[in-house]
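Notes for the one structure printed next.
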Amino acid sequence: MKSDAMKSECARPAAPAAAPRAFIRVYVWEAPVRLFHWANVACLLTLGATGYLIGSPPAFLTSGDASSGYWFGTVRFVHFLAAYLFVAVMMLRLYWAFAGNKYARWRNFLPLTRQQARDAVQVAKVELLQVSNESLEPMGHNVVAYFTYAGTFLLALFSIVSGFALYAATSQSWFPHLFIRIIPWFGSEYTLRAWHHAALWLFALFVLIHVYLCIYEDYVDGRGAISSMIGGWKFVPRDVAASPQAQGLSGGGRRRRSRAATGGQQPPTAP
Amino acid sequence: MSERIVVDPVTRIEGHLRIEAEVKDGHIVDAWSAGTMVRGLEIILKGRDPRDAWAFCERVCGVCTTVHALASVRAVEDALGIQVPPAAELIRNIMHCTQNVQDHVVHFYHLHALDWVDVVSALKADPVAASQLAQRTSRWPKNSPGYFSDLQKRLTTFVQSGQLGIFANAYWGHPAFKLPSELNLIAVAHYLEALEWQKEIVKVHAIFGGKNPHPNYLVGGMPCSFNLEEAGGINATQLGQVAKLLKEAKDFVEQVYYPDLLAIAPYYLEWAGIGGGLENYLCYGDLPTNGFADPSGYKFQRGAILGRNLNEIHPVDPRDTREGIEEFIDHSWYEYSGAPGRGLHPWEGETRLKYSGPPTPYSHLDVTQKYSWLKTPRWKGHAMEVGPLARMLVGYAGGNAQIKDAVSEALGVLQAPPAVLFSTLGRTAARGIEARLMAQWNIDFYDQLVQLIKAGDTRTFTKEKWDPATWPSEARGVGTAEAPRGALAHWIVIKDGKIENYQLVVPSTWNASPRDAKGQRSSYEAALIGTPVHDAKQPLEIIRTIHSFDPCLACAVH
Amino acid sequence: MPALLESPVVPTIYEQMQSRGVNRRDFLKFCAWMSAYLGLQESGIAQIARAIETRRRLPVVWMHFQECTCCSESFLRSSHPIVADILLDKLSLDYTETLQAAAGQQAEEVLQDTIKRYRGEYVMLVEGSIPIGADGAYCVVGGKSAIDSVREVAAGAKAIIAWGNCACAGCVQSANPNPTQAMPVKAIIKDKPIIHVQGCPPIAEVMAGVLVHLLTFDRLPQLDALGRPKVFYSARVHDTCYRRPNFDAGLFVETFDDANAKKGYCLYKMGCRGPTTYNACGSLKWNNGTSFPIQSGHPCLGCSEAGFWDNGPFYRRLTNVPGFGIESTADRLGVTALGATAVALAAHAAVTRVRKRDTIGEQPGENAEAAEASRPTPPDGPANPEI
Ligand code: HEM
Ligand code: HEM
Ligand code: NFV
Ligand code: SF4
Ligand code: SF4
Ligand code: F3S
Ligand SMILES: [Mg+2]
């Protein structure tokens, strides 16, 4: 199934050599992905905040009778509510990993080819170590980002499984009880809970780095990475879009980022 | 011709004790006491939070539950310079007295009595005569003919069932049993009654510590709070229950335990000349009335007696690292760093397990080599006996009026001089005398507690040194307690908020340890020398003397 | 064996109860109480009555290994039924080092006699863990290692009851670094049903209740995934805790004996393990319903959970993360990691800023124009090319 979008990208002729680089808009993040993303953000912030409160409740109230308040119960309730939403959101994304466009496909998230490994090394060289300028210009996420997201999906899975296993004790519903088998794997419920708690910090680390990198990418590449998660569109240099890599996993090409190269021709690098 | 007898397991004790004895011409000429189980708690405690230590230590023993927790919190408080509020001190005293009284009663009836009481002979008793006999010395309401005859019927059915359970294959009919059958019946009845009573008295622990066995303690005080106006805190209802339980405990001791002890003893007076063993007694003292840091305020005095000389009490200092308490491992399955034959003060103590005995299963231990999991503690090089007898002797010699009166009264009933105390019988009697005293002191402590609350001081915890940030980077302390079985001490070294070293020297370690490098025997081994053995196949006499110490091997090794 | 052991007359439990003056009415009352206790329907009463009327006393051997004997002690505290009645009327406790009259050789004989005579019928109760280090030399009874004894006695047992955390999970002696390699029974015996009666120690009435269940129905009680009898271990301490309303209201004790403690607020912040601990403390309570740890003001240590000793320090909600020092909770490490990452990111940002022209390469203006230039041709469908 060849989509119209793709045709429109490929149909455009390459920019003349001396002209400023031309960008085209590519519809990368379909609505379900964007919905997933921001719902996910909402769930995680809620789970993280309520989780943190559950872990270290502040001394809001120091007097009064139990009948006079229920704030801690409410915090827990919100945590559990967000937990169910979180599952729904994750399921949506899981579904879309099979039904969505090529940037959303499950295939991207799994390190399966040698090319992905080479690309990962290249991304590290360019973006993290900044020892190379030979930048990859994927249209979806870059390989390292995909793998990181795969990692966060696993982390989310762990939070869900561990959370519901813990929740089973207070729940009559069948769903949480699906997970209680994992408790003995962790030695005891206490240890599982400690791991569940620890996941909070892994998420926090991810979010910190993730948000930074999104801003970084937006700044460095200027392809509208952040707004793409809102509107769905990315701005991609025409030559990149036309490159053979654009037909690859998540699309995209290669570009030398350097002053020397500006204004000059920017032939897409061979695969 | 001498013969080697092995008693393993020694039953009706706590833990795993093995006695090997050399018998010649019907008497024991040499004996070896071995602890055959180890857990390595001193190793496990390393690196942990000192405030948690009490819970680990409490699990050293469930029979003397509480006392290790007490010694442990005291050790930490000593290291950190914490003084607990008076109410907490009183609660601890109450819990401690409760423990000792309960433990002594259980020891007498359930662990020791069957050495003296012939259960089968009780079947032949006349219940009416038994009732009259019991009523002569006690106004215990249950000592009626009907009560004894019901019990006897029940016992008969039990025996006829052919399933003798815990009474199977014992030494019934052995000539060393001397009691008239009526007294046997009384003792068996009280065996069952004590079983019911012991579960009541420990409710005191449940009220202040949440449960028994293994009630909760806290560094800096006690975890329970008083609040007379709330259902949540310890209120008048619960205090009332404590008062009732303490009163019942006193009644039980005075109307059942103590009279039984004094009724049985005269039939076994020859045991006042057997089992004396060591002539040295050690007591750290306990039951502070002016804070743990002030031993001069202890109800049980601190001190040592050497060579049975009741005219002199030697001062004891558990902190003396140069010539005080040391532990040796010359016959114990451990390794120390440095030269062999070394003794270590517990602050410098080491615990490295190194089994070198025969492979299991074995029939004999090589007693010329290492043969036990207990280390061997010595005070200034002396082997010391610890326990209720040591406490009564030190109190008696030290002129403590209450102790002196209580001991004299008992000796008066038996019409015997103080010298009879240095014996198997003396040890067993001292325990009963002590139980009586402590049951009364318990009530006194309770009254003081109520006065304190009335005066408005309900503090049970001080938080001032709770936060490790307030601790010095290095500190060491020692916590002592007079456990049911004797002088107990925990030594702790704290470094950077963690346990750097933790060593326990436990009453049964003193008493049940193997000999030291010089060949000096510890209490059990010494006490067995000279004990008559009627039938080498039936070690009744051996267990009588051993039981008189109330062995606790889980404690001793830890 | 002395003649007494050979006696052929073995009356049933009911006959024995009758002979000690228990009348039919009291007997049925006892059965009703027991069945309520075990959570049975009306019909259960008759079942208990029948079982007790017809059954001989169940032979039981109580093996002692690496233990503090508190499980034995706790058992002695049972009020329903009281231990004297269990020992005299319900079970035949043929071996237990703590209470039995015979010692040494004679004690061993009784054990051998029971396991031979009642092969396949007796129940083995185990208190204490079994150390497998040093070829078993860390726990030896009668010259035999605990491993050998437990295997020998388990072989002919119809079922095993593991008393307490020691026998169920190794307990304190198996805490890090487990110097003797202490193991629970289930690590050694794999081919017998084991009832895990957890706790350090278990509640007396729970211990007695499990025995009465076995005795009455001649089968195991229903067990949870960890082999614990559901009737006593299906609820968390937290869910039966009378301080729970304070938890929900967010009313917490902040330090021991503070005003909140006096009011009986929730001990969660004092490190209470009630939320992750399955035991009957809140419902049955201890010592015939007198109290339980939380009621006395101390947080739950989680004593009925495997490995609870290594979840310290006890007075903090979060355990130490091993290998990171005394105050190293997940929170501390998390905050440190976040801080370090933030610093790294700031450095990265600074470098990016410095090398801006190199990295970015193009003038922002270009991009904007180019984007503008391409605007007129928006794609009208999702980009979803076949790969
Ligand atoms: C990213 C996702 C999540 C994060 C960051 C998170 C975080 C936390 C944290 C920090 C705690 C406190 C743990 C402690 O200190 O003891 C907690 C508790 C808990 N969480 Fe989560 N959680 C997440 C997802 C979930 C999910 C999906 C569930 C499923 C129901 C869940 C259920 C629970 C439960 C049951 C508790 C214990 C609350 C109580 O019983 O009081 N969590 N969570
Ligand atoms: C709790 C916070 C967040 C979480 C858990 C999260 C998670 C994710 C995940 C899982 C993806 C991959 C989406 C997919 O392929 O399905 C993603 C992508 C993205 N997120 Fe977030 N996100 C968070 C916060 C944010 C924030 C605050 C921003 C904006 C500043 C942001 C911007 C983006 C962007 C631009 C992408 C696409 C980046 C790329 O092309 O690699 N995210 N995020
Ligand atoms: N020995 C000993 Fe203990 C006592 N009493 C300890 O301190 O018994 Ni278990
Ligand atoms: S489980 Fe606990 S109470 Fe029972 S024997 Fe072990 S340490 Fe003692
Ligand atoms: S005291 Fe412990 S068990 Fe009780 S409600 Fe609070 S956290 Fe739960
Ligand atoms: S410590 Fe144990 S006794 Fe109960 S309240 Fe907690 S499970
Ligand atoms: Mg020691």
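A note on names: the letters A, B, ... follow the listed sequences, proteins ahead of strands, and every chain is numbered from 1.
Both the backbone and the side chain of N176(C) come within less than 4.5 Å of a heavy atom in chain B. Neither the backbone nor the side chain of Q152(B) comes within less than 4.5 Å of any heavy atom of chain C. For A182(C), no part lies under 4.5 angstrom from a heavy atom of chain B. With a 4.5 angstrom heavy-atom cutoff, Q241(B) touches chain C only via side-chain atoms. For a residue to count as touching a neighbouring chain, one of its non-hydrogen atoms must lie under 4.5 Å from one of that chain's; by this rule N165(C) does not touch chain B. At a 4.5 Å heavy-atom cutoff, F75(C) makes no contact with chain B through either its backbone or its side chain. Residue T462(B) does not touch chain C at all, counting heavy-atom pairs closer than 4.5 Å. Contacts of L76(C) with chain B are made by both backbone and side-chain atoms, with heavy-atom separations under 4.5 Å. Contacts of T460(B) with chain C are made by both backbone and side-chain atoms, with heavy-atom separations under 4.5 Å. For a residue to count as touching a neighbouring chain, one of its non-hydrogen atoms must lie under 4.5 Å from one of that chain's; by this rule A113(B) does not touch chain C. Contact of F65(C) with chain B is made through the backbone alone, with heavy-atom distances under 4.5 Å. At a 4.5 Å heavy-atom cutoff, the contact between E67(C) and chain B is made by backbone and side-chain atoms alike. For a residue to count as touching a neighbouring chain, one of its non-hydrogen atoms must lie under 4.5 Å from one of that chain's; by this rule I294(C) does not touch chain B. For I166(B), the parts sitting under 4.5 Å from any heavy atom of chain C are the backbone and the side chain alike. Only the side chain of L111(B) comes within less than 4.5 Å of a heavy atom of chain C; its backbone N, CA, C and O stay farther away. Neither the backbone nor the side chain of S129(C) has a heavy atom closer than 4.5 Å to any heavy atom of chain B. Of the two parts of I543(B), only the side chain, counted from C-beta on, holds a non-hydrogen atom closer than 4.5 Å to a non-hydrogen atom of chain C. Both the backbone and the side chain of R59(B) come within less than 4.5 Å of a heavy atom of chain C.
Side chain of Y171(B) to main chain of A103(C): a donor-acceptor pair is present (N/O by atom type, distance under 3.5 Å, no hydrogens or angles). No donor-acceptor pair closer than 3.5 Å links the side chain of D257(C) to the backbone N or O of R459(B). Side-chain N or O atoms of R57(C) include one that pairs as donor or acceptor with a backbone N or O of Q163(B) at under 3.5 Å. Side-chain atoms of R12(B) never come within 3.5 Å of backbone atoms of E97(C) as a donor-acceptor pair (strictly under, hydrogens ignored). Listed for the T11(B) side chain is a donor-acceptor partner under 3.5 Å among the backbone atoms of A102(C). For T69(C) (side chain) and V63(B) (main-chain N/O), no donor-acceptor pair under 3.5 Å exists by modelled atom type. For the pair H298(C) (side chain) and P215(B) (backbone), a donor-acceptor distance under 3.5 Å is absent. Q295(C) places no side-chain N or O within donor-acceptor distance of the main-chain N or O of G210(B), the cut-off being under 3.5 Å.
Looking at heavy atoms from C-beta onward, R77(C) lies in side-chain contact with N212(B) at the 4.5 angstrom threshold. Residues V140(C) and Y362(B) meet the side-chain proximity criterion, which asks for heavy atoms closer than 4.5 Å. Counting heavy atoms from C-beta on, the side chains of E200(B) and T290(C) never come closer than 4.5 Å. Contact annotation: the side chain of H16(B) approaches that of H64(C) to within less than 4.5 Å [non-hydrogen atoms, C-beta and beyond]. Annotation: side chain of P131(C) is not in contact with side chain of M37(B) (no heavy-atom distance under 4.5 Å). No side-chain heavy atom of S291(C) sits under 4.5 Å from any side-chain heavy atom of K203(B). Residues T65(B) and E73(C) have side chains not in contact (no heavy-atom distance under 4.5 Å, counting atoms from C-beta outward). When side chains are defined from C-beta on, P177(C) counts as touching I44(B), because their heavy atoms get closer than 4.5 Å.
To the nearest 0.5 Å, atoms CD (E196(B)) and OG (S78(C)) are separated by 10.5 Å. The structure places NE2 of H214(B) at 7.5 Å from SG of C71(C), a figure rounded to the nearest 0.5 Å. Annotation: the span from Y355(B) atom OH to D135(C) atom CG amounts to 9.5 Å, rounded to 0.5 Å. The NZ atom of K144(C) sits 11.0 Å away from the CG atom of D8(B) when rounded to the nearest 0.5 Å. N216(B) contributes atom CG, which lies 5.5 Å from atom CG of L301(C) (distance to the nearest 0.5 angstrom). To the nearest 0.5 angstrom, R316(C) atom CZ is 7.5 Å from D49(B) atom CG.
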I'd like to know whether I82(C) forms a side-chain contact (heavy atoms from CB on, under 4.5 Å) with L195(B), so could you lay out the CA-CA distance, the side-chain angles of the two residues, the decisive distance to 0.1 Å, and finally the verdict.
CA-CA 9 Å; I82(C) 69 163; L195(B) 202 53; over 6 Å; no

Determine, stepwise, if the pair Q105(C) / K537(B) fulfils side-chain contact (heavy atoms from CB on, under 4.5 Å).
CA-CA 8 Å; Q105(C) 186 65 35; K537(B) 300 241 164 343; over 6 Å; no

Derivation and outcome, side-chain contact (heavy atoms from CB on, under 4.5 Å), residues D85(C) and R154(B):
CA-CA 10 Å; D85(C) 292 352; R154(B) 187 178 184 189; 2.6 Å; yes

Could you go through I43(B) and Q173(C), starting from their C-alpha distance and side-chain angles, then the distance that decides it, and tell me whether this counts as side-chain contact (heavy atoms from CB on, under 4.5 Å)?
CA-CA 10 Å; I43(B) 304 169; Q173(C) 53 275 1; over 6 Å; no

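The aromatic rings of F256(C) and W466(B) sit perpendicular to each other, their planes meeting at more than 60°, with 30° as the lower class boundary.
Annotation for W309(C) and A55(B): closest pair CH2-O, 3.3 Å, computed over non-hydrogen atoms. Here the shortest heavy-atom pairing between F158(B) and L88(C) reads CD1-O, 3.4 Å.
For D52(B), the salt bridge (Lys or Arg N to Asp or Glu O under 4.0 Å) criterion is met by no residue, not counting sequence neighbours.
With chain B as partner, the option from G128(C), S174(C), A137(C) having the largest number of non-hydrogen pairs under 4.5 angstrom is A137(C). Here T98(C) is the residue among I203(C), T98(C), I147(C), T255(C) with the most heavy-atom pairs under 4.5 Å with chain B. The choice from A175(C), A134(C), C303(C) that makes the most heavy-atom pairs within less than 4.5 Å of chain B is A175(C).
Under the salt bridge (charged side-chain N to carboxylate O under 4.0 Å, His left out) criterion, no residue pair touches residues 210-225 of chain B, with sequence neighbours excluded.
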